[in-house]
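Numbers restart at 1 for each chain; the letters A, B, ... are given by sequence-line order, proteins then strands.
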2 protein chains.
Amino acid sequence: MKKQAKEHTDDSCKKARLAIQDTLDVVGGKWKLVLISILRNGKRKFNELSREAGISPRILSKELQELEINGLVRRNVCNTKPVTVEYELTTYSKSLSEVILSMHKWGLAHRRKIMRD
Amino acid sequence: MKKQAKEHTDDSCKKARLAIQDTLDVVGGKWKLVLISILRNGKRKFNELSREAGISPRILSKELQELEINGLVRRNVCNTKPVTVEYELTTYSKSLSEVILSMHKWGLAHRRKIMRD
DNA sequence: AATAGTAGTTACATAAATGATACTAACATG
DNA sequence: CATGTTAGTATCATTTATGTAACTACTATT
């Protein structure tokens with residue numbers, strides 16, 4: 001088989017699926033992209049996120065931890081009267097732009113298509 | 001507010017989230033992209049898909065119906081001795097390439113990053 | 001008639017995700 | 001000391017996703 005050809009071996013396909021699945025794990029689910037999308041408008045405190053997204057503290061806390069582990073969100077504890085915690089997107093989170101943009105575009109186009117049919 | 005500026009109103013953000021969520025609905029979950037990925041190598045019969053993906057008939061049937069509803073997969077009943085049914089990707093499914101490619105790329109890069117850290 | 005193959009479906013069981021509510025810890029204020 | 005505020009956590013309930021196994025319908029073959 002030629003070296004430079006796009007290979008479609010079982011193995012390369014499994015690896016591709018794995019990479020795609022990784023992305024879905026990080027960014028999939030009901031809330032991850034909602035939170036990222038809100039944080040694109042700037043830092044938010046825990047309760048602000050909870051209100052704006054309409055998400056209960058339990059889930060919010062879990063989601064934020066996962067986003068932090070994946071380097072997409074930074075958690076910052078502030079020295080305020082009652083302590084507040086700010087969450088903001090990291091520089092690394094910008095690497096998701098292409099994914100988000102393509103999903104956004106496809107979602108819009110698809111909705112139009114489904115309406116037509 | 002300027003007409004041509006990128007707007008970040010609450011409303012435009014909600015619509016963006018909706019579009020992204022649409023995409024996740026169509027392509028998210030445990031099996032959709034696995035099936036699409038297998039079908040990229042050509043038509044498959046129901047049992048072939050079941051074996052190759054390691055997915056039970058019940059779920060497979062459901063997933064294929066959803067993919068069909070969304071115009072990504074075509075179901076073709078063949079006039080064979082015991083009736084067989086072939087599933088294949090539609091032309092429309094190619095519109096997903098950008099989404100899939102960007103997810104693939106990000107997934108790979110992210111895995112490398114997480115390893116480093 | 002009995003057996004087998006293909007494509008499902010049905011009924012049931014379990015697992016995973018999400019939700020609701022109340023609670024704690026820490027600190028400030030009246 | 002009682003009250004309020006912020007950021008969570010704990011507990012329990014519900015919903016949604018997925019898995020397993022057996023079963024049906026149709027047809028062909030023996």
Tell me the interatomic distance from B:Leu60, atom CG, to D:dA17, atom P, rounded to whole angstroms.
17 Å
What is the distance from OH of A:Tyr87 to C1' of D:dA7, rounded to the nearest Å?
8 Å
Side chain of A:Trp31 only, please: which of C:dT18, C:dG5, C:dA7 is the nearest?
C:dT18
If the cut-off is 4.0 Å, is A:Lys30 near the phosphate of C:dG19, judged by side-chain N/O to OP1 or OP2?
yes
Let's see if you can work this out: which of C:dT18, D:dT9, C:dA7 has an atom nearest to the side-chain heavy atoms of A:Pro57?
D:dT9
Residue pair A:Ser37 / B:Arg17, side-chain donor-acceptor N/O under 3.5 Å:
yes
Whole-Å gap separating P (D:dA7) and CD (A:Glu68):
14 Å
Whichever of B:Arg58 and B:Arg75 has its nearest DNA chain C nucleotide further upstream toward 5':
B:Arg75
Under-4.0 Å side-chain N/O to phosphate OP1/OP2 contact, A:Ser56 with C:dA20
no
Candidates C:dT6, D:dT6, C:dT9 - which lies nearest the side chain of B:Pro82
C:dT6
So, B:His110 and A:Asn70: side-chain donor and acceptor under 3.5 Å apart, yes or no?
yes
Protein-nucleotide distance (A:Glu86, atom CD; D:dG8, atom P), rounded to Å
12 Å
Side chain of B:Asn47 - closest among C:dT6, D:dT18, C:dT18
C:dT6
Interatomic distance where CZ belongs to A:Arg51 and P belongs to C:dA20 [whole Å]:
17 Å
B:Glu68/B:Arg75 ion pair, N-O < 4.0 Å:
no
Considering every strand and a 4.0 Å limit on heavy-atom distances, what is the contact class for B:Gln65: base, sugar-phosphate, or nothing?
sugar-phosphate
